[in-house]
Amino acid sequence: MAPSKAPDSSRRSDRSRRAIHDAALALVGEVGYPRTTVEGIAARAGVGKQTIYRWWPSKAAVLMEAFLDLAARTAERDTGHSGEAGSVIPDTGDPVADLKRVLRATVDELNDPALEATTRALTAEGIVDARLGAEFVEKLLAPQLAAYVTRLRAAQEAGQLRPDADPRIALELLVGPLFHRWLLRTLPLTHDYADAIVDYALAGLTPRP
């Protein structure tokens, strides 16, 4: 008789972690962040509450990790390779086309039902929880914003944008209006709106004669 194999604890942990991630994301989408509890996440995932507290200090920490994992998987699905979503903006030599492409992709992400509820929950909670807000910026927003800085600096070096423009301020002219409309739901978030933002912003950033 062949000896029985010992259970693979790491594989079991991975399955449990993924189940907890999925449960947290599903509950936030169904009942909202305020009504999502660690107890509810544990019940949905089929694990004990103590398992969650062994790995995370709070439901916000669970949701943050679950969202980052989902964003990474979504980026891998869409691009065909692993990596942080939005960490690179392609440089085709045409900054207008490149920035319109990435802003359109951002519109699609913000409108994606699988991501929207969690993104809103983390954004709102990060306003009142400074530690969570800092983690949200560091782990999710900072890599994306750095990609804008890199692309805008390349356009400056090519003489396509004003050399005196601050790329960090310039990128806020691009992403700020997008997130304002999405967060406050003032008007629909569309590709046409993303294109208009790029046109308006770059009109003030192109070299003056």
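All values reported here derive from a predicted model rather than from experimental measurement.
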So, using salt bridge (charged side-chain N to carboxylate O under 4.0 Å, His left out) as the criterion, who are the partners of D129 when residues are at least two apart? none

So, do L63 and V28 sit near enough that their side-chain heavy atoms are less than 4.5 Å apart? yes

salt_bridge(E116, R120) N-O dist < 4.0 Å: yes

Apply side chain to side chain contact (heavy atoms under 4.5 Å, CB included) to residues V107 and T190 and explain how you reach the verdict. CA-CA 7 Å; V107 165; T190 65; 5.6 Å; no

Sequence neighbours left out, what passes side chain to side chain contact (heavy atoms under 4.5 Å, CB included) with D108? Give chain and number order. H191

Evaluate the side-chain proximity of T123 to F179: yes if any heavy-atom separation is below 4.5 Å, no if none is. no

Taking side chain as C-beta onward, heavy atoms only, is W56 less than 4.5 Å from V38? no

Could you list the residues that satisfy salt bridge (charged side-chain N to carboxylate O under 4.0 Å, His left out) with D164, not counting sequence neighbours? R162

Could you work out, with salt bridge (charged side-chain N to carboxylate O under 4.0 Å, His left out) as the rule, every residue matching D195, not counting sequence neighbours? R104

Under the side chain to side chain contact (heavy atoms under 4.5 Å, CB included) rule, what do L173 and Y200 come out as? Steps first, then yes or no, please. CA-CA 9 Å; L173 299 176; Y200 288 6; over 6 Å; no

By side chain to side chain donor-acceptor pair (under 3.5 Å), which residues pair with N111, not counting sequence neighbours? none

Test of understanding: with side chain to side chain contact (heavy atoms under 4.5 Å, CB included), list the residues that count as partners of I197, not counting sequence neighbours. L103, L174, P177, L178, Y193

Quick one: list whatever passes side chain to side chain contact (heavy atoms under 4.5 Å, CB included) with R153, sequence neighbours left out. V149, Q156, P167

Can you check whether L68 reaches E65 side chain to side chain, under 4.5 Å on heavy atoms? no

With no hydrogens and no angle check, is any side-chain donor or acceptor of T36 less than 3.5 Å from a backbone partner on G32? yes

For residues 172-185, which residue pairs pass the side-chain hydrogen bond (donor to acceptor under 3.5 Å, both in side chains) check, not counting sequence neighbours? R168-E172

Contacts of K59 meeting side chain to side chain donor-acceptor pair (under 3.5 Å) (sequence neighbours excluded), chain-then-number -> none

Residue list, side chain to side chain contact (heavy atoms under 4.5 Å, CB included) with A66, at least two apart or on another chain: H21, L25

Check step by step if side chain to side chain contact (heavy atoms under 4.5 Å, CB included) holds for R17 and I20. CA-CA 5 Å; R17 188 176 293 271; I20 292 167; 5.7 Å; no

Run T92 and R101 through side chain to side chain contact (heavy atoms under 4.5 Å, CB included) and show every step you take. CA-CA 11 Å; T92 66; R101 186 176 298 110; 4.2 Å; yes

Would you say that R35 contacts L27 through its side chain, given a criterion of any heavy-atom pair below 4.5 Å between the two side chains? no

Between the main-chain N or O of G93 and the side-chain N or O of Q160, is there a donor-acceptor pair closer than 3.5 Å? yes

Does this structure show an ion pair linking K100 with D199, if we count only N-O contacts that are shorter than 4.0 Å? yes

Report the residues that fulfil salt bridge (charged side-chain N to carboxylate O under 4.0 Å, His left out) with E125, sequence neighbours left out, ordered by chain and then residue number. none

Salt bridge (Lys or Arg N to Asp or Glu O under 4.0 Å): which pairs involve residues 37-49, sequence neighbours left out? E30-R44, E39-K49

